[in-house]
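What follows is a single structure, and I will ask about it in a moment.
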Amino acid sequence: MNHLRAMTRNGIGIRTAQARSERLEGQIHVYDGAGKGKSQAALGVVLRSIGVGIKSLSPTRVLLLRFLKGPGRYYDEDAAIEALQRGFPHLIDQVRTGRAEFFGPEDVTRFDQLEAQRGWDVAKGAIASDLYSVVVLDELNPVLDLGLLPVDEVIRTLKNKSPELEIIATGRGAPPELLDIADLHSEMKPHFHPTAANHGIEGIEIYTGAGKGKSTSALGKALQAIGKGISQDKSHRVLIMQWLKGGSGYTEDAAIAALQQSYPSLVDHQRCGRDAIVWRGQQQELDYVEAERGWEIARAAIASGLYKTIMLDELNPTVDLELLPEEPIVQALLRKPRDTEVIITGRCKNTPAYFDLASIHSEVFCHKHYAEKGIDLKRGVDF
């Protein structure tokens, strides 16, 4: 049974990566849409790649090329990138281009065109150099949508990349030509919950849907919290709590290990569940016991205020499988300290009541995935 079938039978099921064969070829990823999580997903892939490189003693070198994000403005991912650069100073290169404010097609200036070209010149050199195993082209999509770079030249360069290189393009407005050559296309669509806004509930983010990028975005958010701790009060501890993942070889293992290696006092990791896929209608007593054990850890962590960021990975399918009731989760989230952020991930068929408390909710749609073409997953990118 391949990875995709394992994830879609009856809608729920998490599979370990231990027995997987893996691809050697790099793919072209595109994360677009109006929802949050695109740049975070790219940073999560970067962290995962670095973690695998450390473990294999063959370091992964990454270029973060950020269009439309010039100096002079703070962006959500700045703290996450600082955490990456401090933790792995010789493995991360960052280049920023553009001005520090938003603008539309009618506001394009000569400076914008020159800055986009400067960034693209760097990208072309990096793609041709074989120095990098991952190149992130953050906000490339809106650059193309604004007409700041010739789409045909960009497509030609990406199609001629070395076979091993992984390319990640992010941002709204990806042109059809880029989507045509993409091997993976995940779209983040926003959902708005008036209950959260009307009651002033903040700090709850949910990533759900069938597309790739949910846990990866949450890892990017964890990086962001660590980065804030480094630059501010050094108290931004992170808890990563995972359900349905009692074995080893999961997609996030190398990324979490890399975080713990560089920031041992800031990152705690707990997991629960059997080392097996849990199907609807086939739940075992141990599944309920393990789910409840994980929730007791999470509930205490949320209430304590000791953690500034808590990642509840695969909580949604755990609730969807009726391994946990919804109401205690709702109550715990309503009572959480104001400065504690909670990120909840995982697909689900039925919408839990706590979704109404989310200030940010992105549903990740899978428009294209290389696994559908029979291409093996790649260690350090997919697992």
Side-chain angles (χ1 to χ4, degrees), residues 28-43 46 63-82 93-127 135-159 167-182 185-192 197 202 205 213 217 220-221 224 227-228 231 359-365 367:
I28 298 173
H29 307 232
V30 175
Y31 294 98
D32 74 345
K36 288 272 291 182
K38 300 181 288 293
S39 297
Q40 285 175 198
L43 291 172
V46 167
L63 172 65
L64 295 171
L65 179 54
R66 305 169 70 193
F67 293 95
L68 304 178
K69 291 181 176 178
R73 180 187 178 93
Y74 179 83
Y75 297 90
D76 288 342
E77 62 271 17
D78 286 352
I81 294 171
E82 182 177 0
D93 292 329
Q94 179 187 192
V95 176
R96 297 174 66 166
T97 70
R99 50 174 152 146
E101 65 265 2
F102 298 107
F103 60 91
E106 66 281 358
D107 303 315
V108 170
T109 66
R110 174 70 173 160
F111 175 80
D112 299 321
Q113 295 170 333
L114 291 173
E115 280 290 277
Q117 188 61 53
R118 178 171 72 88
W120 180 239
D121 288 343
V122 174
K124 286 190 293 184
I127 292 169
V135 172
V136 177
L137 303 175
D138 189 34
E139 303 298 345
L140 174 67
N141 300 340
V143 164
L144 296 176
D145 190 47
L146 286 166
L148 297 177
L149 291 173
V151 174
D152 56 346
E153 180 188 336
V154 171
I155 299 303
R156 184 167 59 251
T157 301
L158 297 184
K159 288 176 68 175
I167 299 281
I168 304 172
T170 75
R172 303 187 187 196
E177 297 91 335
L178 179 58
L179 298 179
D180 285 343
I181 68 165
H185 173 205
S186 286
E187 179 187 1
M188 276 68 169
K189 292 186 178 180
H191 291 265
F192 301 99
E202 298 178 350
E205 298 188 14
S217 290
K221 189 74 176 182
Q224 183 178 323
K228 286 180 179 178
S231 60
S359 51
I360 293 173
H361 174 194
S362 284
E363 184 174 3
V364 186
F365 285 80
H367 293 291

Summary of salt bridge (charged side-chain N to carboxylate O under 4.0 Å, His left out) pairs that have at least one residue in residues 118-127, sequence neighbours excluded: Glu115-Arg118, Asp121-Lys124, Lys124-Glu153
By side chain to side chain contact (heavy atoms under 4.5 Å, CB included) - contacts of Leu148 (at least two apart): Leu68, Phe103, Val108, Asp112, Gln113, Ala116, Val143, Leu146
Nearest heavy atoms of Gly213 and Ala41, plus distance in Å: O-CB, 4.2 Å
Over all atoms of both residues, closest heavy-atom pair of Gln224 and Ala79: O-CB, 3.4 Å
Sidechain N-carboxylate O distance under 4.0 Å for Glu205, Lys36: no
The single option from His367, Lys38, His185 passing side-chain hydrogen bond (donor to acceptor under 3.5 Å, both in side chains) against Asp32: His185
Heavy-atom side-chain proximity of Ser39 to Lys69 below 4.5 angstrom: yes
Nearest-0.5 Å distance that lies between atom NZ in Lys221 and atom CD in Glu77: 10.5 Å
Value rounded to 0.5 Å, distance of NZ in Lys159 from CD1 in Ile28: 9.0 Å
Spatial distance of atom CD (Glu177) from atom CZ (Arg156) [nearest 0.5 Å]: 12.5 Å
Option passing side-chain contact (heavy atoms from CB on, under 4.5 Å) with Ile155 (candidates Val151, Thr157, Asp152): Val151
4.5 Å side-chain heavy-atom contact, Gln40 and Tyr31: no
Partners passing side chain to side chain contact (heavy atoms under 4.5 Å, CB included) against Glu202 (at least two apart in sequence or in another chain): Arg338
Gap separating the CG atom of Leu65 from the CG atom of Leu140, nearest 0.5 angstrom: 8.5 Å
Candidate list Asp78, Ile81, Asp138, test side-chain contact (heavy atoms from CB on, under 4.5 Å), partner Arg96, passing option: Asp78
Partner set under side chain to side chain contact (heavy atoms under 4.5 Å, CB included) for Val364, not counting sequence neighbours: Ser186, Met188, Lys214
Salt bridge (charged side-chain N to carboxylate O under 4.0 Å, His left out): pairs with one or both residues in residues 100-111, sequence neighbours excluded: Arg99-Glu101
Residues which pass side chain to side chain contact (heavy atoms under 4.5 Å, CB included) with Ala34, listed by chain and number, not counting sequence neighbours: Arg172, Pro190
For Gly171 against Asn141, the heavy-atom pair lying closest together: O-ND2, 2.7 Å
Glu139 backbone acceptor or donor facing Thr170 side chain under 3.5 Å: yes
Ala42 versus Ile168, closest heavy-atom pair with distance: CB-CG2, 3.8 Å
For the student: nearest non-hydrogen atoms of Ala123 and Leu137, plus distance: CB-CD2, 3.9 Å
Least distance between heavy atoms, Phe67 atom then Trp120 atom: CE2-N, 3.7 Å
